[in-house]
Amino acid sequence: MDAAVSLEEVVAERAGAVGVVRLNRPQALNALSYGVMEKLVTALEVFDADPEVHCLLLAGSERAFAAGADIKELEGATPVDMLRSGQMERWGRLRRLKKPLVAAVSGFALGGGCELAMCCDMVVASESAVFGQPEIDIGVMPGAGGTQRLTRAVGKVLAMEMVLAGRRLSAREALAYGLVNKVVPVEAWYDEALALAETVAKKAPLAAQLAKECVSRALDMDLETALDYERRMFYLLFASSDQKEGMKAFREKRKAAFTGS
Ligand code: CAA
C-alpha cells in the first residue's frame, strides 16, 4: 500500500455477494490521487478474485463521487513523473476487472470522477449528481478516457461541449443522454445502487462475467467479429454447471441455485 494513503481513504467491505469499495477522502472531495487510485483498484481486484463475490460496487460520498484527479499532486508534475506514476496502468487494471461493476454516484463526478463512473458497467445516480469534464478550465484535457468514453456514450456534439466549454450534466440530463442507468432520490442513492448490485450478484456468475465482456467489446469490434465472439462465449457457458442448473430449475419451476461453476 502507498504510504501516503491512510486506510480510511478507501474503504472495502463485503455486503453478502457484493464487494463494496467506497472512496472516503471528504477533505478533497474524493480527488483521485495516485495513492487513492492504487488502493481503489487493488481493493476491486481483490474482490474480483474472491469467489464469494459476484458483483462489485464503487461508491463515493453523498457530496462527491470524485472531483477528478488530484490537481495539487499534478500541478508540478512533468511528463516523466506522470509516466512513472503508473496512473494510466491503474485505469487499465480497472478496465480488466471481470465481474460486473456498479457505480453509486452522488454529487460531483468531474474530470477523472466522471471518467471513473464511465469505467463502471452501470451507474446509479442521485438527484444531486453532476457529471462533467472540466479539465479545460485548468489548462489540460481529459486523460483517462473522457474524450473517448464520453463521445461513445453521449455523442460527438455534446461531448465536444462538455470537453471544450466545460458544460456539466445534471443527473436527469445524464439519464436522458444514456450516461447513467437511473436517477434516484438523494437519500436513496447508496441503497438503490447496492440493490442493483445485489440483483446482479444473484445471477449466474460465469454468465454475468462473459456477458459483461461481450457488451464491453461491442463498440470496439466490427459487428461480424463481435457476433462471432458472442456466439463462442454463449457456447462456452454450456460447459458450466450453472447452465444445467438454470435450465433444469426452469423446467422444474423452481429458483435456480447457481454456484459459479
Ligand atoms: N484535486 C485536489 N483537491 C480538490 C479537487 C481536486 N480535483 N477538487 C476539490 N478539491 C479540494 C479543494 O481544493 C478543497 O480543499 P481545500 O479546502 O483544502 O482548499 C476541497 O476539495 C473542497 O473543494 P471546494 O472548496 O472547491 O468545494 P466547492 O464546493 O466550492 O467546489 C468543485 C467543488 C466544483 C468540485 C471544485 O472543487 C472543483 O472545481 N474541483 C476540481 C474539479 C476538476 O477540475 N476536476 C478535474 C481534475 S483533472 C483530471 O481529472 C484529469 C483526468 O482526466 C484524469
Side-chain angles (χ1 to χ4, degrees), residues 2 4-6 8-10 21-42 44 58-97 101 103-120 123 125-154 158-171 173-174 179-180 186 189:
D2 191 306
V5 182
S6 77
E8 295 76 28
E9 282 185 329
V10 175
V21 176
R22 205 161 39 80
L23 291 167
N24 184 36
R25 198 187 175 206
Q27 71 282 10
L29 302 182
N30 291 333
L32 303 166
S33 64
Y34 298 148
V36 164
M37 270 299 280
E38 177 59 31
K39 191 89 186 0
L40 158 81
V41 174
T42 302
L44 287 169
L58 177 58
S61 65
E62 189 178 308
R63 185 169 176 221
F65 178 65
D70 190 320
I71 299 168
K72 292 164 190 169
E73 191 173 55
L74 293 183
E75 186 181 350
T78 66
V80 174
D81 295 333
M82 311 274 281
L83 277 172
R84 284 197 177 142
S85 73
Q87 194 73 335
M88 285 306 133
E89 285 75 11
R90 292 183 189 108
W91 288 94
R93 284 160 60 196
L94 269 182
R95 203 169 54 240
R96 288 189 288 279
L97 291 169
L101 172 59
V105 178
S106 182
F108 299 111
L110 300 176
C114 186
E115 290 166 312
L116 188 59
M118 289 191 291
C119 268
C120 297
V123 181
S126 88
E127 293 275 6
S128 72
V130 177
F131 297 83
Q133 299 287 163
E135 289 89 344
I136 196 88
D137 291 327
I138 53 167
V140 287
M141 56 177 273
T147 62
Q148 303 306 302
R149 288 207 178 88
L150 192 62
T151 307
R152 284 164 167 76
V154 305
L158 183 56
M160 285 287 191
E161 192 181 353
M162 292 175 72
V163 169
L164 300 179
R167 158 124 184 239
R168 292 182 185 178
L169 297 185
S170 68
E173 288 174 315
L179 206 55
V180 308
V186 175
W189 69 280

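Whatever order the structure lists them in is the order used to number ligands and atoms, beginning at 1. Because the structure is a prediction, the values reported are computed rather than measured.
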Note the single closest protein heavy atom to atom 38 (C) of ligand 1, along with its residue, its atom name and the distance in Å. L110 CD1, 4.9 Å
Please work out whether any backbone atom (N, CA, C, O) or any side-chain heavy atom from C-beta onward of V140 is under 4.0 Å from ligand 1, and answer side chain, backbone, both or neither. neither
How close does the nearest protein non-hydrogen atom get to atom 36 (C) of ligand 1, and which residue and atom is it? L29 CD1, 4.7 Å
Could you check atom 16 (P) of ligand 1 against the protein and tell me its nearest heavy-atom contact, residue, atom and distance included? K72 NZ, 3.8 Å
Among all the protein's non-hydrogen atoms, which is closest to atom 42 (C) of ligand 1, and how far away is it? A67 O, 3.3 Å
At under 4.0 Å between heavy atoms, what of R168 touches ligand 1? The answer is side chain
Any heavy atom of R63 sitting closer than 4.0 Å to ligand 1? yes
Distance from atom 4 (C) of ligand 1 to nearest protein heavy atom, with residue and atom: A28 O, 3.8 Å
Min heavy-atom dist G146 to ligand 1 below 4.0 Å: no
Check whether any heavy atom of R25 sits under 4.0 Å from an atom of ligand 1. no
State plainly whether the residues R95 and E89 are in salt-bridge range, i.e. N to O under 4.0 Å. no
Within 4.0 Å of atom 54 (C) of ligand 1 (strictly less), any protein heavy atom? yes
What part of Q27, side chain, backbone, both or neither, has a heavy atom within less than 4.0 angstrom of ligand 1? backbone
